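For reference, the structure discussed in these notes is given below.
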Amino acid sequence: QVQLVESGGGLVQPGDSLRLSCATSGFSLDRYEVGWFRQAPGKEREGVSCLSTRDGSTYYSNSVKGRFTISRGNAKNIMYLQMNNLKPEDTATYHCGIRPSDTVTSVQHICTFFNGTDFSSWGQGTQVTVSS
């Protein structure tokens, strides 16, 4: 059974950092492209960052580029999103997601939901609130 469980969210002040974790089970991440997306009330879902487990290529949305870093842990079934210099507009529920590698030509397509390419499975999410 495919499972993804996010953790690490919380209430922080602008400029602070958080590291989100995504623990996966029931499958091998080696066969999937992975990423994070966020959903805020009243806003469209946004692909934040994606990572190819095949070649290590990454994608970041313009809103987080230079502040967020996606990575895969030494325990290969976990992935992270390091978030630095957080801003109030980063407030959202963050979800980790996956898509089979053989259905993807570019991690950018997953994160931008291009041409119907999207995450195939995702977790329940972890809340991140940035407020002074």
Side-chain angles (χ1 to χ4, degrees):
Q1 181 182 359
V2 172
Q3 282 194 317
L4 300 94
V5 180
E6 304 92 339
S7 62
L11 172 63
V12 297
Q13 295 186 340
D16 285 351
S17 297
L18 280 175
R19 188 175 79 159
L20 305 184
S21 299
C22 176
T24 69
S25 61
F27 64 99
S28 171
L29 265 183
D30 290 335
R31 299 183 178 182
Y32 290 82
E33 311 296 73
V34 302
W36 294 86
F37 66 91
R38 64 189 181 188
Q39 180 80 61
K43 295 185 178 180
E44 291 188 356
R45 188 175 70 161
E46 178 187 11
V48 173
S49 180
C50 289
L51 167 71
S52 171
T53 62
R54 291 176 295 183
D55 60 17
S57 58
T58 57
Y59 168 86
Y60 296 94
S61 66
N62 288 334
S63 60
V64 307
K65 195 175 296 182
R67 300 188 296 122
F68 290 13
T69 304
I70 189 172
S71 64
R72 189 176 173 187
N74 290 330
K76 296 299 184 182
N77 65 328
I78 192 165
M79 57 179 172
Y80 301 104
L81 184 68
Q82 177 67 42
M83 307 187 296
N84 297 330
N85 190 23
L86 284 160
K87 303 176 181 181
E89 51 264 42
D90 294 319
T91 296
T93 300
Y94 285 71
H95 302 262
C96 59
I98 60 172
R99 185 177 178 98
S101 295
D102 60 3
T103 67
V104 178
T105 56
S106 167
V107 288
Q108 180 174 350
H109 291 172
I110 309 172
C111 265
T112 59
F113 316 128
F114 175 76
N115 199 26
T117 303
D118 198 350
F119 299 99
S120 55
S121 300
W122 53 87
Q124 292 295 313
T126 184
Q127 178 66 37
V128 172
T129 303
V130 185
S131 175
S132 55

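In this text, all values refer to a predicted model and were calculated from it rather than measured experimentally.
Cluster annotation: Tyr32 is connected to Leu81 through the hydrophobic network of ILVMFWY side chains, with a link wherever side-chain heavy atoms come within less than 4.5 Å. Both Leu51 and Phe68 are part of a single hydrophobic cluster, where members link through side-chain heavy atoms under 4.5 Å apart. Note: the hydrophobic cluster containing Ile98 also contains Leu20 (ILVMFWY, side chain heavy atoms under 4.5 Å, direct or indirect links).
In summary, the side chains of Arg38 and Ser61 do not present any donor paired with an acceptor at a separation below 3.5 Å, with no hydrogens or angles considered. Between the side chains of Ser63 and Glu89, no donor-acceptor pair of N or O atoms lies under 3.5 Å. Judged by distance alone, the side chains of Glu33 and Ser101 do bring a donor and an acceptor atom under 3.5 Å apart.
In terms of modelled atom types and a separation under 3.5 Å, the side chain of His95 and the main chain of Gly123 share a donor-acceptor contact. Between the side chain of Tyr60 and the backbone N or O of Ile70 there is at least one donor-acceptor pair closer than 3.5 Å. At least one donor-acceptor pair closer than 3.5 Å links the side chain of Glu6 to the backbone N or O of Cys96. Listed for the Asn77 side chain is a donor-acceptor partner under 3.5 Å among the backbone atoms of Thr24. Under the 3.5 Å distance criterion, the side-chain polar atoms of Arg99 are matched with a main-chain donor or acceptor of Asp118. Within the 3.5 Å criterion, the main-chain N or O of Tyr59 finds a donor-acceptor partner in the side chain of Ser49.
Only one option out of Val128, Val12, Asp90 pairs with Met83 in a side chain to side chain contact (heavy atoms under 4.5 Å, CB included); it is Val128.
Counting non-hydrogen atoms of other residues, nucleotides and ligands closer than 6.0 Å to CZ of Arg54 gives a total above 12.
Interatomic distance, CH2 of Trp36 versus CZ of Phe119, reported as 10.5 Å (0.5 Å rounding).
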Handout entry: Ser131/Thr129 under side-chain hydrogen bond (donor to acceptor under 3.5 Å, both in side chains): CA gap, chis, key distance, verdict
Key = CA-CA 6 Å; Ser131 175; Thr129 303; over 6 Å; no
